[in-house]
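Heads up: the structure comes next, in structure tokens.
We name chains A, B, ... by the order of the sequence lines, and we start the count at 1 in each one. Predicted, not measured: the structure shown is a model, and the values here were computed from it.
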Amino acid sequence: MALRSSPILADPLRDVPPPPVPQPPHVAVAEEPHPDIALVERAKAGDTAAFEQLVRQYERQIFRTAQHITQNREDAEDITQDVFFKAFQKLEQFQGNSKFSTWLVRIAVNESLMRLRKRKTSKTVSMDQDVETDEGSIPRDFAEWRPNPEQNFSQAELADILRRTIAGLPPGFRTVFTLRDIENLSTEETAEALGLSVPAVKSRLLRARLQLRERLSRYFRQTQEGPK
Amino acid sequence: MNCTDFLAKLTDYFDGQIDPELLAEVKQHLGTCHHCEVVVDTTRKTIDVYRGDRSYELPESLHERMRAAVMERCRATGRLPDIELKGKKMPSPEEFLKEEAERLNR
């Protein structure tokens, strides 16, 4: 696939250092170089087997991230290939200032948002539109959920509920939730991957979590009438 | 601490990034506010249920096919010179996300 159009993330291949994390005083930090650094150096020297090892390590994560953001499996497959291909071509730009995986995620987010923009899906109305989103940071549903509510649905039903619910979030919120809560990146790594400040990530994460909670509550709440 | 103050600290509370004094206030609020207690429980469950979702996993054979396709492209072309690609102007990430937030707030 041809490389196309300019990026959504400002300089997505930029290898930025993570925001500083406060360290407790008087703690000796014995930093071992991350094993990826050696693989990257070997790949830069032309060792494609080393690059293949990196692909093997991160391909699932990149695929999941792309699929969560785009909500489309075929797009996610294309994006995964494009991310690694682009990373391979631009390997010299990775200087080890951030983790290699964060660099890949940054490229994946950019490619995924570009794909959405191209499809203009960010303007489509989701099935969850009936939940007002104008005050997304204020919870309104205070119903308790059934114990293990997911067990009331078949695997396919649950997958459908989760997919439709997260698809109803604005892409920016969906992206933050995916990186932070599903892929388990730290707040600082998420900020780094998205080119956002830590407070901006926290604010988006709060709204994403609360909106998902509000929407899932319709299916999971404890009620005699069943899901609304 | 009221419910609004509590919500402002919810992310830090979940992430364990909250100083002990504030944590005590949060816990005190949770002990007296059923609504906020429900929000905490159900938000935690929301995160757990998404983390446990395996419906996005592909069979290993498809992952292998994808990896093979990537490596074939890499081996075929090698690394290219750093060419600036020209295309129509796209928003920066901050602009893109801000746009989405504004749309949400409308």
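Once rounded to the nearest 0.5 Å, the distance linking CZ of A:Arg56 with CD of B:Glu64 reads 7.0 Å. Here the CG atom belonging to A:Leu216 is positioned 9.5 Å from the OG1 atom belonging to B:Thr42, to the nearest 0.5 angstrom. For the atom pair A:Leu91 CG and B:Cys74 SG, the distance stands at 9.5 Å (nearest 0.5 Å). Residue B:Met66 holds its CE atom at 10.5 Å from CD1 of A:Ile62, rounded to the nearest 0.5 Å. In this structure, CD in B:Glu57 is found 8.5 Å from CZ in A:Phe63, a value given to the nearest 0.5 Å. Between the OH atom in B:Tyr50 and the CD1 atom in A:Ile166 there is a gap of 5.0 Å [rounded to 0.5 Å].
For A:Arg73, the part lying under 4.5 angstrom from a heavy atom of chain B is the side chain only. Contact annotation for B:Asp12: only side-chain heavy atoms (C-beta onward) come within less than 4.5 Å of a heavy atom of chain A. Proximity to chain A is absent for every atom of B:Arg54, based on heavy atoms less than 4.5 angstrom apart. Of the atoms belonging to A:Glu150, it is side-chain heavy atoms, and not backbone ones, that fall under 4.5 Å from chain B. Only the backbone of A:Ala143 has a heavy atom closer than 4.5 Å to any heavy atom of chain B. Both the backbone and the side chain of B:Glu60 come within contact range of chain A, each with at least one heavy atom under 4.5 Å from a heavy atom of that chain.
One finds no salt bridge joining B:Lys45 and A:Glu144 here, because no Lys/Arg side-chain nitrogen approaches an Asp/Glu carboxylate oxygen to under 4.0 Å. The pair A:Arg209-B:Asp15 meets the salt-bridge criterion, with a side-chain N (NZ, NE, NH1 or NH2) lying under 4.0 Å from an Asp/Glu carboxylate O. Ion pairing between A:Arg64 and B:Asp53 fails under the 4.0 Å rule for side-chain N and carboxylate O.
At a threshold of 4.5 Å between non-hydrogen side-chain atoms, the residues A:Glu52 and B:Arg67 do not count as touching. Within the 4.5 Å cutoff, no side-chain heavy atoms of A:Arg140 are placed close to those of B:His35. For the pair B:Val70 and A:Glu59, the minimum side-chain heavy-atom distance is 4.5 Å or more. Put simply, the side chain of B:Arg73 reaches to within 4.5 Å of the side chain of A:Asp82, judged on heavy atoms. Within the 4.5 Å cutoff, side-chain heavy atoms of A:Phe85 are placed close to those of B:Thr77. Using a 4.5 Å cut-off on side-chain heavy atoms (C-beta onward), B:Arg51 and A:Asn184 make contact. B:Leu7 places a side-chain heavy atom less than 4.5 Å from the side chain of A:Pro139. When side chains are defined from C-beta on, B:Phe14 does not count as touching A:Leu206, because their heavy atoms never get closer than 4.5 Å.
Heavy-atom pairs under 4.5 Å with chain B peak, among A:Glu77, A:Arg60, A:Gln81, at A:Arg60. Between chain B and the residues A:Leu212, A:Leu162, A:Thr80, the largest count of heavy-atom pairs under 4.5 Å involves A:Leu162.
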Could you go step by step and tell me if A:Trp145 and B:Thr46 meet the side chain to side chain contact (heavy atoms under 4.5 Å, CB included) rule? CA-CA 11 Å; A:Trp145 288 3; B:Thr46 297; 3.2 Å; yes

Let's go through A:Leu210 and B:Leu10 carefully: what are the C-alpha distance in whole Å and the side-chain angles of both, what is the deciding distance for side chain to side chain contact (heavy atoms under 4.5 Å, CB included) to 0.1 Å, and is it a yes or a no? CA-CA 10 Å; A:Leu210 291 179; B:Leu10 188 59; 4.0 Å; yes

Carefully, step by step, assess B:Asp41 and A:Arg213 under the rule salt bridge (Lys or Arg N to Asp or Glu O under 4.0 Å). CA-CA 10 Å; B:Asp41 287 346; A:Arg213 182 202 81 89; over 6 Å; no

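The number of heavy atoms from other shown groups lying within 6.0 Å of CD (B:Gln28) does not exceed 12. The environment of A:Glu157 atom CD is dense: over 12 non-hydrogen atoms of other residues, nucleotides or ligands sit within 6.0 angstrom.
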